[in-house]
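Presented below is the structure to which this report refers.
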Amino acid sequence: MAVELCLLLLLFCGSTISEVQPIYKPPPGTLDFGFVPAKTYDTGAYHEPGAIGILFKIVHAFLYLVQPNTFPQDLIRKLAQQQFGNTQGDYQKPENVVLTLQAIYYEIGFIVSAALGLLFILLLPLVGLCFCMCRCCDNCGGEMHQRQKKNADCQRSCFATFLFVASLIISVGVLCAYAANQHLTNQVRGAKKLVNSNFKDLKIFLNDTPAQIDYLVSQYNTTKDKALSDLNNVGPVLGTRVQEQLGKEVRPALDAALTMAGAIRETKEALENVSVSVEVLQEGTERLHANLTDVKMHLSNTLNDSACNAAQAASTCNIIRNSLGQLTINANFSGLPGVSSQLAKVNDVLKIDLSSLVQKGYAAFNDTPDLVVNQTKNILSAVPYIKSVLESIGSNITTFTRALPVQKILADLMVYLTQSETYVQDYFPIVEQYDFYRWLGCLILCCMLVLILVFYYLGLLCGTCGYDKHASPTTRGCISNTGGNFLMAGVGFSFLFSWVLMIVVVLTFVTGGNVEKLVCEPFEDKNLFKVLDTPYLLNKHWKNYLAGIIFKNPNVNLTFEKVYSDCKENKGIYTSLHLEHLFNINELLNISMYTEDVALKIEHIQINLSKIILLDEIGKENLLNFSSSGIDGIDFSAYLTEINKSVTKVDLLSFANDLEARADQLPKGALENALKGHANNIRMIHNQQVVPLEQAMKYVKARSTLNQSIRLLKRTSSELMVKVKNVISAVNAAQNLINNNASQVIVQETKKYMDTIIGYFEQYTEWVKESISMEVAACKPIANVIDTAVDIFLCSYIADSVNTFWFGLGGSSMFLIPAIIFAVKLSKYYRRMDTEDVYDDSVEQW
């Protein structure tokens, strides 16, 4: 809020850069403040030179050969801090002499190269003058006489080839210089669009910053509305929280009691099933037992017949007589103990509906929010006061924000920006005009070389095409003679122009090369900022110059490098410029003094939950009666033993087949027929009684039901008394928690509720701090201005173009020297001589 003033006052005091607008993600919770409004900036502070970039890289490599030393941070600091010339003996001081020698050592590559250039400038015109005077005296090849040699054709071809190669190299240098010259002009003409883009982004920056701050202020209503909404619903909200905490013990206790009520009903059903199933199985087995007894008696009477006393039948009859004991039932359900007494006791327990009592406990516990609502009406009566406190907070924030001279600052900055833009727009045509003069001057320099090249190329063309090897030196044709004259004209213009060209090369080389090595390269790797951040460098009384300018406090740790790096990461200007030293946002956003009133109102909540009865004494007594119903005294092993037995001791069908087989061993007669009749009778009993007992649904279901019921009763009765006591203990513990410890739970939940209300304001303050630090007033436009001025205009446009220009022009000028030599030598073979010799092998004299 009040940071608005600082943001706008320091808009142009610091220079930083940011790239991408961060996206705010609200912290986990119920509040969502949305996104801070931000527009996209158009300026891209990056330059791609295109195809000419290859030449730029070649020039950078050449400069590295000339100056391979790293950026001399310490040397520049010492030179900047050292005072020269204040007194007569300053330059003779040892420390100053050392600094001078260090500077010379660092610049030795440029010094040597510049010295060679100066030597070129001084000697080449002097050599040209001497050469011209020498030829005027018919010396140095000025005599129009050529001695014929046997290798004359070879020499002529070599001189022509070397001159052509030198001319090609000079042509490449001219093309490089022209391309660099044209590139700089094209970039200057297109710079207006980039400048306008920077001014547009600065205006967006000025217009969006107050809107972003207003958005932060307006989002206080979101916090206030949420807090008031929760306060209006303090009963349900707090009641639900209290119920959730108590429910961690209450609900398991009630669930256990309800489960025990279900176990009582299941026990009754199981006892009834046992009683019915045993009756069904007893009925079937008793009838089978009577029939088997009758068959066994009749079979015994038959074996007592006198026919069994015969020698042939005695043994067989004895075997049959010994097996009669197997004709009896195996599972005897008639001997199982009854469960009628246990069933009667369980029926007495069920006369009281335990489930209904437990449901009443559930209902009473579920009324907790309503009890809290009825007992927190004092909070609702305090809501208007709390609302007035919250409204006052918002009013204070708004009033403080509006009290700032934001509009005046904005207006002043906008006027300054508009004036700057008008100034640039007015003077940009003048810049273009002067650039045209520069372009024309550089073009004239290129044309000087082009003129020399034209003479050389014409001389080579005419000399080569017009040369007649059969013609003598005195009879050479007009075309050949013209070619020689062109070559000498090129030599003459080379002497006239070369020193002028080299003067321009030396000046641009020393200037452009040092700008690249001392400004552009350290700016790219941020070493330049480290020099600027040197304590007491820019102001001998200030440790940190930037902090002294902005805060009038040079002891604040604010550096150019840190500011530049922070804005590269798209941090807000509040963070980048460390504006907390000028305005501490934490002090304005400290709302603890206001939240104390809210906390005091909430902390006085008094809630009594003793009306909640989870399970009355009748229900508890009912559980104890169930535990003493006697189901744990049932002989479950006897039941399970009989259930798992087969119906008869022996398989009646096998017994009948065996009886019939033994009857066949007896002599034919009445005994045999009687035994076979008994066998058929046994088969009939098996089919009519045993098979139904094993397969008929009635008996199978009775056996299965009996098995399941007995096992259920066995599980239920296992440690029944302990289980019941555990259920009662859990219910008593939960009831004790509600009666005696609920106040502690309520205090804890009330504190959590209070923390939630205050947490809304903490979320708001943290969001505001984060937004101001990272999103509000991101300084990308200001940084783009710096990058545009230094990295793009100075380095990419001017320095690279100028360095490429002198590189091409200097290379061409240097190759004028061999071109002069080869042209003078070659012209002797093309020009028409006044006299000649034939096959003179002596050495030619100049």
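Hydrogens, waters and symmetry mates are skipped; everything else that's a heavy atom, side chains included, is used.
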Measure from the side-chain N and O atoms of [X] to the backbone N and O of [Y], and report whether any donor-acceptor pair falls under 3.5 Å.
| X | Y | value |
| --- | --- | --- |
| Gln102 | Ile104 | no |
| Ser827 | Gly484 | no |
| Ser801 | Ile798 | no |
| Asp525 | Asn527 | yes |
| Asp435 | Val431 | no |
| Ser813 | Leu809 | yes |
| Ser796 | Asp791 | yes |
| Lys517 | Gln67 | yes |

Min side-chain heavy-atom separation [X]-[Y] under 4.5 Å:
| X | Y | answer |
| --- | --- | --- |
| Phe199 | Val424 | yes |
| Leu449 | Phe497 | no |
| His183 | Phe805 | no |
| Val500 | Ile121 | no |
| Glu107 | Leu518 | yes |
| Arg438 | Tyr434 | no |
| Asn544 | Val556 | no |
| Tyr456 | Ile820 | yes |

At what distance, to the nearest 0.5 angstrom, does [atom1] of [X] lie from [atom2] of [Y]?
| X | Y | atom1 | atom2 | value |
| --- | --- | --- | --- | --- |
| Ile52 | Lys57 | CD1 | NZ | 13.0 Å |
| Ser494 | Ile821 | OG | CD1 | 11.5 Å |
| Ser167 | Leu453 | OG | CG | 6.0 Å |
| Gln419 | Met414 | CD | CE | 12.5 Å |
| Leu816 | Phe120 | CG | CZ | 6.0 Å |
| Leu445 | Thr508 | CG | OG1 | 9.5 Å |

Please say whether more than 12 non-hydrogen atoms of neighbouring residues, nucleotides or ligands are located less than 6.0 Å from [atom1] in [X].
| X | atom1 | result |
| --- | --- | --- |
| Trp542 | CH2 | yes |
| Gln73 | CD | yes |
| Met814 | CE | no |
| Tyr797 | OH | yes |
| Ile54 | CD1 | no |
| Phe815 | CZ | no |

Fit a plane to each ring of [X] and [Y], take the angle between them on a 0 to 90° scale, and name the class: parallel (under 30°), tilted (30 to 60°) or perpendicular (over 60°).
| X | Y | answer |
| --- | --- | --- |
| Tyr427 | Tyr423 | tilted |
| Phe164 | Tyr457 | perpendicular |
| Phe529 | Phe523 | tilted |

If you measure from the Lys or Arg side-chain nitrogens to the Asp or Glu carboxylate oxygens, is any gap between Lys203 and Glu421 under 4.0 Å?
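Result for this pair is yes, salt bridge flagged.
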
Start with the C-alpha gap between Thr185 and Phe436, add the side-chain angles, then the distance that decides, and say whether side-chain contact (heavy atoms from CB on, under 4.5 Å) holds.
CA-CA 8 Å; Thr185 298; Phe436 172 74; over 6 Å; no

Starting from the C-alpha separation in whole Å, work towards a yes-or-no answer on side-chain contact (heavy atoms from CB on, under 4.5 Å) for Leu202 and Asn784.
CA-CA 9 Å; Leu202 288 173; Asn784 282 345; over 6 Å; no

Verdict with supporting geometry, Ile204 and Asp201, side-chain contact (heavy atoms from CB on, under 4.5 Å):
CA-CA 5 Å; Ile204 292 175; Asp201 289 348; 4.3 Å; yes

Shortest non-hydrogen separation from [X] to [Y] and the atoms involved:
| X | Y | answer |
| --- | --- | --- |
| Gly117 | Val506 | CA-CG2, 3.8 Å |
| Ala114 | Val510 | CB-CG2, 4.0 Å |
| Val491 | Ala823 | CG2-CB, 3.5 Å |

Before giving the answer on side-chain contact (heavy atoms from CB on, under 4.5 Å), spell out for Trp499 and Leu124 the whole-Å C-alpha distance, their side-chain angles and the decisive distance to 0.1 Å.
CA-CA 7 Å; Trp499 65 278; Leu124 202 62; 5.5 Å; no

Phe162: what forms a ring pair (Phe, Tyr, Trp, His ring centres under 6.0 Å) with it, not counting sequence neighbours?
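If we apply the ring pair (Phe, Tyr, Trp, His ring centres under 6.0 Å) test to Phe162, skipping adjacent residues, the hits are Phe822.
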
Candidates Asn803, Asp800, Leu55 - the one meeting side chain to side chain contact (heavy atoms under 4.5 Å, CB included) with His60
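It is Asp800, the one option of Asn803, Asp800, Leu55 that forms the side chain to side chain contact (heavy atoms under 4.5 Å, CB included) with His60.
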
Looking at Val188, Asn181, Asn186, which one forms a side chain to side chain contact (heavy atoms under 4.5 Å, CB included) with Leu184?
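The passing option is Val188.
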
Passes ring pair (Phe, Tyr, Trp, His ring centres under 6.0 Å), Phe110 versus Phe509? Steps please.
CA-CA 8 Å; Phe110 287 104; Phe509 165 72; 5.2 Å; yes

